[in-house]
Amino acid sequence: MKEFWSRRARALTPYTPGEQPRQRRLIKLNTNENPYPPSPWALEAIRAAAGEGLRLYPDPEAAELRETLAAVYGLRPEQVFVGNGSDEVLAFCFQAFFDPERPILFPDVTYSFYPVFAALFGLPYRQVPLDENFALPLEQFMGGNGGVVIANPNAPTGRDISLGDVRALAAGNPEAVVLVDEAYVDFGAQSAVPLVGEYPNLVVVQTMSKSRSLAGLRVGYALGDEDLIAALNCVKNSFNSYTLDRLALAGAAGALRDPEYLRTVTMKIASTRDRTADRLRRMGFQVTDSAANFLFATHPEASAKALLDGLREKGILVRWWDDPRIRDYLRITVGTDEEMDALCQALSELLEAEE
Ligand SMILES: *Cc1c(COP(=O)(O)O)cnc(C)c1O
């Protein structure tokens, strides 16, 4: 019954997150979590922060974490905004940078939260079709629109665009904000952070959820021109002054003090990814070139939905969307080598049973 729901609430179609099962025994390749633990430095910092200090509110400015992020990315703290996961940061960006007069552009196949944010904030949008190989038609994102939102690498395809392409988007939309969601950039794409000082309309959003194994801590951040960051603070401080708690602030700063760990983990996942892609191709799958920690795969002789259900029966979760353009595809998170062995074994059994 929605009797007491506001008209706004009644009109919403929320984002559907991937399943978080109660049983721990499943092999979980459905939400792009990192199979490796967070840096010991992060865990140590969280333990140290879990004390009587929790009596006090956290720093609403997150000054120390922003200074650490600024140092890591060669920026000033005024160019850094932090939030409770990058989903929240993206939501603040939609409110801070976009208006209803002109549509925002994003690809037809991309992170399915973008249309949800646009609908929540009453912003019109246009979904530009990717080509048949899921490549971005750059020329269709130039000028005259109310903003551009691009995930690089893209989700769920895993395809990345070059720094030159991001530069072209920022230069080609001088009157609109270009938002680059780099949730997966550490797994092999080129980051646009070096362009931040150059383009006053460019915002780069990253997260600690994927490459830094901290999905449970909820830390995301935006990097951009000081004036854009001021708009984000304006929106945030009109909603919740304390979006990051003391444990998150401490853990995130701890993780940033361990760049070597990030490098080791992301390189390991990239090598598992590339090996798994080769194996899937040998089994007859077409696998999109991925610069992320997941694979996007289709098999000419098997229904993706049947494979999804078959894998589930074998205790393996992957992701599938009932969307006409990608209904034949599975998105498979890259886990440990052992998990990917189990996945390949299960898929080859399912394919044999189909014949
Ligand atoms: C996972 C993901 C996010 C959100 O991550 P948070 O956990 O909210 O930081 C944002 N964008 C894309 C494309 C993602 O896949």
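The figures here come from the full heavy-atom set of this structure, side chains too, leaving out hydrogens, waters and symmetry mates. Just follow the structure's listing: the first ligand is 1, and inside any ligand the first atom is 1. Worth saying up front: this structure is predicted, and the values here are computed from it rather than measured.
Each of F117, F106, Y114 was checked for a ring pair (Phe, Tyr, Trp, His ring centres under 6.0 Å) with Y125, and the lone residue meeting it is F106. A side-chain hydrogen bond (donor to acceptor under 3.5 Å, both in side chains) with K28 is found for one member of E339, E33, E19 and no other, namely E33. Of the candidates L223, V166, D225, V166 is the only one forming a side chain to side chain contact (heavy atoms under 4.5 Å, CB included) with L202.
Seen from the ring of F294, R331 counts as a face-on cation partner, given the 6.0 Å and 45° thresholds.
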**OP:** Please report the C-alpha distance between D322 and R327 in whole Å, then the side-chain angles of each, then the deciding distance to 0.1 Å, and finally whether the salt bridge (Lys or Arg N to Asp or Glu O under 4.0 Å) criterion is met.
**Re:** CA-CA 5 Å; D322 191 6; R327 187 173 287 148; 2.9 Å; yes

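In the hydrophobic clustering of ILVMFWY residues, with side-chain heavy atoms under 4.5 Å counting as a link, F94 and Y15 come out together.
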Note every protein N or O atom lying under 3.5 Å from an N or O atom of ligand 1, pairing the names and giving the distance.
{"residue": "ligand 1", "atom": "5 (O)", "partner": "S86", "partner atom": "OG", "Å": "3.2"}
{"residue": "ligand 1", "atom": "7 (O)", "partner": "S209", "partner atom": "OG", "Å": "2.6"}
{"residue": "ligand 1", "atom": "7 (O)", "partner": "R218", "partner atom": "NH1", "Å": "2.7"}
{"residue": "ligand 1", "atom": "7 (O)", "partner": "R218", "partner atom": "NH2", "Å": "3.4"}
{"residue": "ligand 1", "atom": "8 (O)", "partner": "S86", "partner atom": "N", "Å": "3.2"}
{"residue": "ligand 1", "atom": "8 (O)", "partner": "D87", "partner atom": "N", "Å": "3.0"}
{"residue": "ligand 1", "atom": "8 (O)", "partner": "D87", "partner atom": "OD2", "Å": "3.3"}
{"residue": "ligand 1", "atom": "8 (O)", "partner": "R218", "partner atom": "NH2", "Å": "2.8"}
{"residue": "ligand 1", "atom": "9 (O)", "partner": "S86", "partner atom": "N", "Å": "2.6"}
{"residue": "ligand 1", "atom": "9 (O)", "partner": "S86", "partner atom": "OG", "Å": "2.8"}
{"residue": "ligand 1", "atom": "9 (O)", "partner": "T207", "partner atom": "OG1", "Å": "2.5"}
{"residue": "ligand 1", "atom": "9 (O)", "partner": "S209", "partner atom": "OG", "Å": "3.3"}
{"residue": "ligand 1", "atom": "11 (N)", "partner": "D181", "partner atom": "OD1", "Å": "3.4"}
{"residue": "ligand 1", "atom": "11 (N)", "partner": "D181", "partner atom": "OD2", "Å": "2.7"}
{"residue": "ligand 1", "atom": "15 (O)", "partner": "Y184", "partner atom": "OH", "Å": "2.5"}
{"residue": "ligand 1", "atom": "15 (O)", "partner": "K210", "partner atom": "NZ", "Å": "3.1"}

